[in-house]
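Convention: sequence-line order gives letters A, B, ...; per-chain numbering from 1. Note: hydrogens, waters and symmetry copies are ignored here, and every other heavy atom, side chains too, is used.
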There are 2 protein chains.
Amino acid sequence: MADVARLAGVAQKTVSRVINHEPNVRDEVRARVFAAVEQAGYRPNAAARALVTQRTRTLGVVTMSTTFRGPSAILAGVEAAAREAGYSIVLTRTATGEPRAISEAMDSLVARGVDGIVILEPAESTATIGHETPGTPVLLFEDRPGESPEWIHVGADDRGACREAVEYLLGLGHGTVHHVAGPAGWRTSDARAEGWRAALEGARRIVPPALAGDWTAASGYAAGLALAAQPDVTAVFCANDDMAIGLIHALESRGLSVPGDVSVVGMDDTDVSAYLHTPLTTLAQDFDAIAREGVERLLDEVEGRAPESRREAVPVELRVRASTAPPPAKRREAR
Amino acid sequence: MADVARLAGVAQKTVSRVINHEPNVRDEVRARVFAAVEQAGYRPNAAARALVTQRTRTLGVVTMSTTFRGPSAILAGVEAAAREAGYSIVLTRTATGEPRAISEAMDSLVARGVDGIVILEPAESTATIGHETPGTPVLLFEDRPGESPEWIHVGADDRGACREAVEYLLGLGHGTVHHVAGPAGWRTSDARAEGWRAALEGARRIVPPALAGDWTAASGYAAGLALAAQPDVTAVFCANDDMAIGLIHALESRGLSVPGDVSVVGMDDTDVSAYLHTPLTTLAQDFDAIAREGVERLLDEVEGRAPESRREAVPVELRVRASTAPPPAKRREAR
DNA sequence: CTTGCAGTTGACAGCGCTGTCATCGCGGTT
DNA sequence: AACCGCGATGACAGCGCTGTCAACTGCAAG
């Protein structure tokens with residue numbers, strides 16, 4: 001920067017002013033500085049700027065997986081929203097969802113000097129992390145305000161949406177609905193399971209035990225094998241589409257038809273969900289809107305603006321496709 | 001840090017030594033410093049360190065999408081490998097793959113002071129970007145050494161693998177194989193299309209025009225509709241699984257069966273590929289190995305080590321499942 | 001008892017930038 | 001004519017850390 005100043009025949013401070021688009025610089029000087037910047041191939045040093053301003057214009061993201069539909073879609077939205085606001089993203093994955101791992105990740109982000117932290121896929125534990133990040137606001141993508149009032153919570157109404165999906169199945173005439181849940185302990189899994197349970201209890205139906213998956217098609221397949229063996233199962237709600245795909249495959253491999261014998265509803269509307277052999281009925285949420293809303297609120301906090309707590313519910317839409325139908329008069333026996 | 005020094009009754013420099021695990025500090029002093037660090041709740045300031053060392057221990061990643069199987073799997077591997085080596089990841093997405101957008105992203109990463117740059121999903125244009133990043137090594141995930149000798153290239157042998165897949169289809173007895181490619185101009189699309197073409201030409205078969213998709217199931221569906229109308233089509237190789245899924249759906253919706261009438265091979269082995277109604281024959285590559293290999297080589301460069309140019313080919317495996325079979329005596333007409 | 005040397009510690013400068021405050025013109029007021 | 005106010009500019013300090021080099025220990029060797 002000193003070089004540029006010399007080249008332009010101005011003080012270093014003036015170069016700084018021009019670079020940062022501060023007012024009160026004559027146009028002629030501004031032009032001269034820009035020319036010098038160009039000539040010297042000057043690029044401002046972010047570290048030095050961060051050192052003095054105590055701001056890095058960087059957001060830290062903590063996630064556990066980048067491959068599943070939900071987190072990867074939200075990540076994309078977060079990145080876009082951040083970039084538009086002039087922020088960069090520092091990405092940290094934690095192999096496990098343990099509070100310790102998350103705490104460590106947050107610590108390393110704070111050390112990195114991020115201005116805010118975003119936690120995708122909150123595990124149950126996030127509420128209990130109770131991790132202090134003095135001066136660094138935290139955004140959690142979950143629909144329940146939870147027990148950490150300091151943190152910002154944004155998310156679709158998983159619980160309500162799932163309840164609706166199950167009620168739709170009940171409305172079709174199914175006696176009850178089984179559930180393949182995500183990993184126990186995760187907020188998302190729990191919220192979805194709660195919605196399912198609420199619908200069942202609201203309609204005074206039997207609440208069968210939920211099967212626990214891990215979001216993968218393989219775990220859905222395993223659950224499907226178990227469910228195929230129970231002759232009374234006619235409707236299953238899966239906590240995501242991948243598991244629903246695995247489940248359907250298991251059902252079909254046991255000679256059952258979907259939706260002939262068993263109706264299946266998934267969640268998240270994967271890119272391929274509409275193009276399966278049996279297009280999947282699923283719950284679609286606008287991940288991009290959720291991400292943007294969250295980042296906006298986080299940046300309000302970061303930049304000391306009044307955080308408009310509009311907290312408009314982000315809508316979830318039930319997309320009815322071919323995997324659901326009224327229950328059969330008599331369900332086939334599994335092979 | 002000054003506070004910690006005062007608390008421990010040592011010089012600031014000694015605290016610095018302890019923090020950085022430098023030798024030549026008495027154990028007793030070291031313990032005292034650690035205690036003071038704990039007591040003061042001290043966290044080193046990365047910006048200040050970066051300012052003086054000129055190193056940020058940060059890698060910049062440029063990508064276009066985080067949702068498709070390939071890039072998201074590689075991203076995960078890159079993050080893991082980087083974290084294990086003590087590096088953080090700064091993520092930048094570019095909406096388009098234009099050279100300009102990529103150049104800009106790289107510029108912003110350089111300004112951010114990253115020690116190295118990783119480009120996922122290289123577009124054709126990356127070779128032509130010709131972007132100078134003096135002092136910042138660049139890693140490209142592509143199998144062809146390309147025209148930019150300065151940059152590190154790591155990738156599975158897409159071309160060879162695709163050739164094998166097509167030869168497998170030919171070996172089944174198919175007269176020729178059609179191809180649904182990725183977006184034109186991308187390295188990955190091109191390499192895969194080249195492999196397909198090479199196999200066909202090697203066997204002296206007719207090379208039908210390739211259909212261009214955009215990696216999504218929807219584009220595969222569109223291609224499938226077109227292919228269903230051509231009665232001579234009995235085998236299709238898709239540049240990824242999502243498009244293959246869309247394609248199969250289109251074929252089936254036109255009354256054709258897979259693999260009865262048409263055999264389909266995909267690529268990338270998505271989480272759900274083995275669990276589809278017709279489990280998909282596909283090409284699986286070890287993304288994690290590719291990512292680790294790449295990061296290792298990049299860090300060799302970053303840290304000034306001799307970059308062991310072992311360049312072991314990362315293997316690609318053909319997973320034969322139910323979507324491929326010998327061609328029918330007479331292919332059905334599409335509805 | 002001196003000398004040398006390795007191991008240990010500290011003083012100080014400076015990385016590249018921005019915030020603060022002083023300074024300098026210039027035109028408009030009294 | 002003296003004054004004021006404001007826009008434009010610059011001098012300088014200092015953000016929190018590490019690299020350099022000097023200084024100071026104790027102990028073994030001469």
Looking across every strand, which nucleic acid part, if any, lies under 4.0 Å from B:Q54 by heavy atom: base, sugar-phosphate, or nothing? sugar-phosphate
Next on the checklist: Does A:R17 contact D:dG10 through a side-chain donor or acceptor facing the base, at a distance under 3.5 Å?
Outcome noted: yes
Separation of D:dT20 atom P from B:Q12 atom CD, nearest Å, is 17 Å
B:I19 CD1 to D:dG19 P, in whole Å, measures 14 Å
The residue, A:K13 or B:L51, whose nearest nucleotide of DNA chain C is more 5′ is B:L51
When rounded to whole Å, the CZ to P distance for the pair B:R32 and C:dT8 reads 14 Å
Review point. Does B:R55 CZ have over 12 foreign heavy atoms under 6.0 Å away?
Key: yes
_Assess the residue pair B:R69 and A:T67 against the criterion (side chain to side chain donor-acceptor pair (under 3.5 Å)); give the C-alpha distance rounded to whole Å, side-chain angles, the decisive distance to 0.1 Å, and a yes or no._
CA-CA 7 Å; B:R69 161 88 179 138; A:T67 50; over 6 Å; no
From the candidates D:dT9, C:dG10, C:dC15, the one with an atom nearest any side-chain atom of B:V52 is C:dC15
ask   = Would one find a side-chain N or O of B:R49 under 4.0 angstrom from OP1 or OP2 of D:dT18?
value = yes
Ring geometry between A:H21 and A:F34 (parallel below 30°, tilted from 30 to 60°, perpendicular above 60°): tilted
Which of C:dT8, D:dT9, C:dG10 is nearest the side chain of B:A11? It is C:dG10
- request: Would you indicate what B:N24 reaches in the nucleic acid, counting non-hydrogen atoms under 4.0 angstrom: base, sugar-phosphate, or nothing?
  value: base
Ranking B:A48 and B:E28 by the position along DNA chain C of their nearest nucleotide, the one closer to 5' is B:E28
message: With a 4.0 Å limit, can you tell me whether A:N45 has a side-chain N or O closer than that to the phosphate oxygens OP1/OP2 of C:dC15?
response: no
note: B:M1, atom CE; D:dC15, atom C1'; distance rounded to Å ~ 14 Å
Just checking A:P44: base, sugar-phosphate only, or nothing, at a heavy-atom cut-off of under 4.0 Å?
sugar-phosphate
Open item on the list: Show, in sequence, the C-alpha distance, side-chain angles and deciding distance for A:S88 and B:R112, and conclude whether the side chain to side chain donor-acceptor pair (under 3.5 Å) test is met.
Closed with: CA-CA 9 Å; A:S88 297; B:R112 220 91 201 175; 3.0 Å; yes
Rounded to whole Å, the CZ-P distance (B:R26 to D:dG26) equals 10 Å
For D:dT18, does either OP1 or OP2 sit under 4.0 Å from a side-chain N or O belonging to B:S16?
-> yes
Taken to the nearest whole Å, CZ/B:R43 to P/D:dC17 is 13 Å
Picking from D:dT9, C:dT9, C:dC17, the nucleotide nearest the side-chain atoms of B:T14 would be C:dT9
Rounded to whole Å, the OH-C1' distance (A:Y42 to C:dG16) equals 7 Å
To the nearest angstrom, the CZ-C1' distance between A:R30 and D:dA8 comes to 11 Å
Original post:
Under 4.5 Å between any side-chain heavy atoms of A:V61 and A:V78, yes or no?
Top reply: yes
